[in-house]
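Single-structure report; data block below.
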Amino acid sequence: MPELVYSDDALNVLGAFYNSEKLLYVEGEDDVVFWEVLLDKLGKKNLKVQSVGGIEELKKYIHKVATGTIDANVARDADFTHIEKNPKERGVIYTYGHSIENTIFSATSICTVIRTYGRVTKHAIDEGDCELWLNDFHSAFAPLVTYDAANEIGGHGLSVLTNNCTRFMLSELSPIPDPAKIQQKIRELSLNPGIHTTMMSTHVKINSCRRTHADLIRGHFLMSATLKYMNSKLKRLSGNKKISVDALFSNAMLAFESTFNRSHRHFSHYKRQISLL
């Protein structure tokens, strides 16, 4: 069945239809859940969050909101916009990192999911181990994150980091990056004069944008690695128990919701963003 398409005038009254002050448009269903949690946590409960079904469709709404064509708001993944500038568009708010996953997945949320999904005691899984794995993972991929950002900023059209980390890991199921595979990709990219030049300037921009490589790594890439880490722990702690992608996101969102407070390092950012709505 084709999707219902509303006129701009109809879009302007949809908020009232949902008994909300305004609508907050987001890319997909996962984004709905994430931003609803933040709105609730930060005391902004009078907005209706609605998915538009993809980034290309969301860009249309961003233009309508930014130009004042419709009276609504948009929440979007920052992607690499923080590197180029401090993004400020009328009615548009941004994630702290590249994607929502950069905020959702922390050592605390990962360990919480392993404990609850695997039904293991709190003492069976060490949050310090989760933190160490995350730090090592982000450190290993830092050079490729720079190339990934340079590729997108420069419009080079190369494949750097995709939505899945498997090709760079020690094995299909391993949560550990393979240094040799990463170095091979770096050598391959360094032979392209265009992206290599852009990469040098991008490296400088990343160092001055107050975002780390951990913040800028693609969300689905991070999630695919987190899935491997969790399943390796679950196999050791709970036998044959294994978590799916859908179950991972659902459980991670519950863990994030229960632990998101002033101590979360992205709290101040989202408090400022939500205050703009």
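Side chains are part of it too, since the values below use all heavy atoms of this structure and drop only hydrogens, waters and symmetry mates.
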Intermediate values then yes/no, side chain to side chain contact (heavy atoms under 4.5 Å, CB included), I206 and R211: CA-CA 7 Å; I206 290 176; R211 295 294 187 275; over 6 Å; no
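- With no hydrogens or angles considered, no side-chain donor-acceptor pair links T162 and N164 at under 3.5 Å.
- Taking OG1 of T67 as the start and CZ of R90 as the end, the distance is 8.0 Å to the nearest 0.5 Å.
- Contacts of V65 classified as side chain to side chain contact (heavy atoms under 4.5 Å, CB included), with partners at least two apart in sequence or in another chain: I70, A72, V74.
- The CG atom of L38 sits 9.0 Å away from the NE2 atom of H269 when rounded to the nearest 0.5 Å.
- Within the structure, salt bridge (charged side-chain N to carboxylate O under 4.0 Å, His left out) pairs that include any residue of residues 102-127 do not occur (at least two apart or interchain).
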Under the side chain to side chain contact (heavy atoms under 4.5 Å, CB included) criterion, do F249 and V245 qualify, and how do the steps go? CA-CA 6 Å; F249 181 80; V245 173; 5.8 Å; no
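- Taking S258 as the reference, nothing meets the side chain to side chain contact (heavy atoms under 4.5 Å, CB included) condition, with sequence neighbours excluded.
- In this structure, F256 has its ring center closer than 6.0 angstrom to the ring center of F34.
- Applying the disulfide (SG to SG under 2.5 Å) test to pairs two or more places apart or on separate chains, none has a residue in residues 173-266.
- Taking the side chain as every heavy atom from C-beta outward, D31 and D77 approach each other to under 4.5 Å.
- For the residue pair H196/S190, the side-chain donor-acceptor check at 3.5 Å is not satisfied.
- Counting heavy atoms from C-beta on, the side chains of L134 and L222 come closer than 4.5 Å.
- No donor-acceptor contact under 3.5 angstrom links the side chains of T259 and H264, judged on distance only.
- Each ring-ring contact (aromatic ring centres under 6.0 Å, His included) pair with one or both residues in residues 159-179, not counting sequence neighbours, appears once here: F141-F168.
- Summarising the local packing, CZ of R210 is surrounded by 12 or fewer heavy atoms from other residues, nucleotides or ligands at distances under 6.0 Å.
- Legend: residues meeting side chain to side chain contact (heavy atoms under 4.5 Å, CB included) with S174, ordered by chain and number and at least two apart, are L170, S171, I176.
- L42 and L254 fall into different hydrophobic clusters, defined by Ile, Leu, Val, Met, Phe, Trp and Tyr side-chain heavy atoms under 4.5 Å apart, directly or through other members.
- Side-chain contact between F221 and E101 is absent, with no heavy atoms from C-beta onward closer than 4.5 Å.
- A side-chain donor-acceptor contact under 3.5 Å links Y94 and E89.
- Sequence neighbours left out, not one pair with a member in residues 153-175 passes salt bridge (charged side-chain N to carboxylate O under 4.0 Å, His left out).
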Using the rule given for side-chain hydrogen bond (donor to acceptor under 3.5 Å, both in side chains), can you reason through S99 versus H220, listing the C-alpha separation, both sets of side-chain angles and the distance that settles it, and then say yes or no? CA-CA 8 Å; S99 311; H220 287 173; over 6 Å; no
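- Considering only heavy atoms from C-beta on, I274 comes within 4.5 Å of L277 through its side chain.
- Aromatic ring orientation, Y270 versus W35: perpendicular (interplanar angle above 60°, classes split at 30° and 60°).
- In the model, S244 has no side-chain atom that pairs as donor or acceptor with a side-chain atom of D246 under 3.5 Å.
- Within the 4.5 Å cutoff, the side chain of M230 has heavy atoms near those of the I110 side chain.
- Going from atom CD1 of I186 over to atom CE of M199 covers 8.5 Å, rounded to the nearest 0.5 Å.
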Passes side chain to side chain contact (heavy atoms under 4.5 Å, CB included), L58 versus R76? Steps please. CA-CA 8 Å; L58 188 64; R76 58 159 291 179; 3.9 Å; yes
List the steps and the verdict of side chain to side chain contact (heavy atoms under 4.5 Å, CB included) for Q50 and V26. CA-CA 6 Å; Q50 184 164 315; V26 297; over 6 Å; no
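- Taking the side chain as every heavy atom from C-beta outward, I55 and E57 never approach each other to under 4.5 Å.
- Residue I125 comes nearest to C111 through the heavy atom pair CG1-SG, 4.0 Å, listed as atom of the first residue, atom of the second, then distance.
- The aromatic rings of F260 and F267 are tilted relative to each other, their planes meeting at an angle between 30° and 60°.
- Considering only heavy atoms from C-beta on, H98 stays 4.5 Å or farther from D215 through its side chain.
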Can you give the donor-acceptor pairs under 3.5 Å from side chains of residues 150-159 to other protein atoms, not counting sequence neighbours?
from	atom 1	to	atom 2	distance (Å)
N151	OD1	G157	N	3.3
N151	OD1	L158	N	2.9
N151	ND2	L158	O	2.8
E152	OE1	R218	NH2	3.2
H156	NE2	T198	OG1	2.8

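- Taking CZ of F105 as the reference point, atom CG of L227 lies at 8.5 Å (rounded to 0.5 Å).
- Note that OG1 of T103 and OH of Y96 are 9.0 Å apart. Values are rounded to the nearest 0.5 Å.
- D136 and S139 share no side-chain donor-acceptor pair at under 3.5 Å.
- Looking at residues two or more places apart in sequence or on another chain, you find no side-chain hydrogen bond (donor to acceptor under 3.5 Å, both in side chains) involving H63.
- D79 places no side-chain N or O within donor-acceptor distance of the main-chain N or O of T81, the cut-off being under 3.5 Å.
- Residue pairs meeting the salt bridge (charged side-chain N to carboxylate O under 4.0 Å, His left out) criterion with at least one partner in residues 183-199, sequence neighbours excluded, are K185-E188.
- The closest side-chain heavy-atom distance from K48 to L24 is not below 4.5 Å.
- In terms of hydrophobic clustering, with Ile, Leu, Val, Met, Phe, Trp and Tyr side chains grouped at heavy-atom distances under 4.5 Å, I195 and M200 are assigned to a common cluster.
- Residues that satisfy the disulfide (SG to SG under 2.5 Å) test with C165, not counting sequence neighbours, are absent from this structure.
- The number of heavy-atom neighbours closer than 6.0 Å to NZ of K242, taken from other residues, nucleotides and ligands shown, is 12 or below.
- A salt bridge (charged side-chain N to carboxylate O under 4.0 Å, His left out) check over residues 220-237, counting only residues at least two apart or in different chains, returns the pairs D129-K233.
- Interatomic distance, CD1 of I243 versus CG of N251, reported as 5.0 Å (0.5 Å rounding).
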